[in-house]
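Scroll down for the structure; my scribbles are underneath it.
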Amino acid sequence: MKVALIGYGKMGREIEKVLVSRAHEVVLTIDINNAQDFTAKNLRKADVAIEFSAPDAAFGNIVRCLEAGVPVVCGTTAWLSKLDEVIQLCKKNEGAFFYASNYSIGVNLFFKINRELAALMNRFSEYDVTLNEIHHTQKRDAPSGTAITLAEGIVENCERKTEWFMGPTRGATTYPEKLEVTAQRRSVVPGTHTIVWESPADTITIEHVAKNRSGFAVGAVVAAEFIVGKKGVFTMEDIL
Ligand SMILES: NC(=O)C1=CN([C@@H]2O[C@H](COP(=O)(O)OP(=O)(O)OC[C@H]3O[C@@H](n4cnc5c(N)ncnc54)[C@H](OP(=O)(O)O)[C@@H]3O)[C@@H](O)[C@H]2O)C=CC1
Ligand SMILES: O=C(O)C1=N[C@H](C(=O)O)C[C@H](O)C1
């Protein structure tokens, strides 16, 4: 598979290692410093583009790939207010687009556990819930895309939580009908997400801790292998 890497930072470099280990070829690398190479002609040398850049850059990058007719796997977070526009463009151009807020298999299993636990909690109103994420200090967005997916999973499945909001407040019960999400930035933490369900009697904690970025990178490459030759909009549900 011939791959264009759009965004060559921490994730772009990690993905490159996985691509090489699976005998794929990187034919184009685009970063903020070589935007002049980001042409439709160059993009078309690739079977697929993998986009991990920055929140303010992702939408434009995706549009350029879809307009060039190149399938795109995107992992960039904090641009999803424009997701519907991307879906429409993808359909109009009969292209292929894959998005996940987190490509790690472990996190996607964690998403399922989170949704099931939230649904189970409908019968146990004595429990309140909070969500916290910790990432490295270079991260530009908060809360993380993964935390938003987890928060949506709780709100969609636990009837007493109608929406999530960004804390911190003085305590989880400040707004009992809302889910409080908090974010911390510490050193080089790759990504930790913790959900705490607390009753007067006990505490149930579920947590996903990324040890490094390899899980994200492998998942993104698997998504790229999956999307080549397909048309439509895909998520990790299509792989799992
Ligand atoms: N879905 C998932 O599984 C994961 C998602 N992510 C997300 O991926 C994104 C990137 O993360 P990460 O690699 O850690 O971030 P980095 O900042 O390390 O890398 C991003 C790179 O993109 C470059 N860039 C900025 N603007 C553009 C542009 N217009 N076109 C091309 N490249 C550009 C940056 O250049 P410069 O530094 O010069 O600005 C930088 O080199 C984030 O949104 C993050 O949340 C991260 C891990 C997993
Ligand atoms: O910026 C990061 O590093 C990460 N971003 C993604 C997110 O916002 O959820 C995925 C992972 O947590 C690492």
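Side chains included, hydrogens not; waters and symmetry mates left out as well; all remaining heavy atoms used. Just follow the structure's listing: the first ligand is 1, and inside any ligand the first atom is 1.
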Review point. Using a heavy-atom cut-off of under 4.0 Å, does the side chain or the backbone of A147 touch ligand 2, or both, or neither?
Key: neither
Check your understanding: Of the backbone atoms (N, CA, C, O) and the side-chain heavy atoms from C-beta on, which set of A210 has a member under 4.0 Å from an atom of ligand 2: side chain, backbone, both, or neither?
Key -> neither
Per-atom contacts of ligand 2 with [X], taking only distances under 4.0 Å to non-hydrogen atoms:
X    : value
G145 : 7 (C), 8 (O), 9 (O)
H193 : 12 (O)
S144 : 7 (C), 8 (O), 9 (O)
N102 : 10 (C), 11 (C), 12 (O)

Which protein non-hydrogen atom lies closest to [atom], naming both residue and atom, and how far is it?
atom                    : value
atom 41 (O) of ligand 1 : D31 OD1, 3.0 Å
atom 12 (O) of ligand 2 : H135 NE2, 2.6 Å
atom 9 (O) of ligand 2  : T146 OG1, 2.5 Å
atom 47 (C) of ligand 1 : M11 CG, 3.4 Å
atom 5 (N) of ligand 2  : K139 NZ, 3.1 Å
atom 15 (O) of ligand 1 : K10 NZ, 4.0 Å
atom 19 (O) of ligand 1 : G9 CA, 3.2 Å
atom 4 (C) of ligand 1  : F52 CE2, 3.5 Å

Exercise for review: Mark yes or no for whether N93, through its side chain, and L66, through its backbone, hold a donor-acceptor pair below 3.5 Å.
Suggested key: yes
Does the residue [X] have a heavy-atom contact with ligand 1, meaning some pair of atoms that are separated by less than 4.0 Å?
X    : value
G145 : no
Q138 : no
K139 : yes

Review point. According to a 4.5 Å side-chain heavy-atom criterion applied to Ile, Leu, Val, Met, Phe, Trp and Tyr, with indirect links allowed, do V18 and Y8 form part of one hydrophobic cluster?
Key: yes
Polar atom proximity, [X] to ligand 2 (N or O, under 3.5 Å):
X    : result
H136 : yes
F216 : no
R213 : no

Point to revise | Contact with ligand 2 for G75, non-hydrogen, under 4.0 angstrom | key: no
Salt bridge present between [X] and [Y] (N-O < 4.0 angstrom):
X    : Y    : value
D238 : K230 : no
R185 : E133 : yes
E14  : K17  : yes

Check your understanding: Are the aromatic rings of F234 and F97 close, with centres under 6.0 Å apart?
Key -> no
Point to revise | Within the 6.0 Å centroid threshold, strictly below: Y99 and W79 | key: yes
Exercise for review: Using the six-membered ring wherever Trp is involved, compare the ring planes of Y175 and F165 and label them parallel, tilted or perpendicular (cut-offs 30° and 60°).
Suggested key: perpendicular
Closest to [atom] among [options] (heavy-atom distance):
atom                    : options               : result
atom 9 (C) of ligand 1  : A100, S53, A217, S144 : S53
atom 29 (N) of ligand 1 : G191, S104, S101, A57 : A57
atom 25 (C) of ligand 1 : T77, T76, I32         : I32
atom 7 (C) of ligand 1  : C74, P55, G75, G12    : G75

Practice item. In sequence, state the C-alpha distance, the side-chain angles, and the governing distance for L19 and M1, and then conclude on side chain to side chain contact (heavy atoms under 4.5 Å, CB included). Key: CA-CA 9 Å; L19 287 168; M1 184 169 80; 4.1 Å; yes
Review point. Is the number of heavy atoms from other residues, nucleotides or ligands under 6.0 Å of E159 CD greater than 12?
Key: no
Check your understanding: Which is it for Y8 and ligand 1 at heavy atoms under 4.0 Å: side chain, backbone, both or neither?
Key -> backbone
Check your understanding: Looking at F110, does the NZ or CZ of K112 lie under 6.0 angstrom from its six-membered ring centre and within 45 degrees of the ring axis?
Key -> no
What are the atoms of ligand 1, with element, lying closer than 4.0 Å to any heavy atom of [X]?
X    : answer
R140 : 37 (O), 39 (O)
N61  : 28 (C), 30 (N), 31 (C)
F216 : 3 (O), 47 (C), 48 (C)
Y103 : 1 (N), 2 (C), 3 (O)

Practice item. Answer yes or no: is there a side-chain heavy-atom contact under 4.5 Å between L5 and I30? Key: no
Point to revise | I239 and F98, any side-chain heavy atoms less than 4.5 Å apart | key: yes
Review point. Have T182 and N132 got a donor and an acceptor in their side chains that come within less than 3.5 Å?
Key: yes
Check your understanding: What are the two closest heavy atoms between G232 and C90, and how far apart are they?
Key -> O-SG, 3.7 Å
Review point. Restricting to pairs with a member in residues 71-96, which pass salt bridge (charged side-chain N to carboxylate O under 4.0 Å, His left out), not counting sequence neighbours?
Key: E94-K231
**Study point:** Contacts of type salt bridge (charged side-chain N to carboxylate O under 4.0 Å, His left out), residue D31, not counting sequence neighbours
**Key:** none
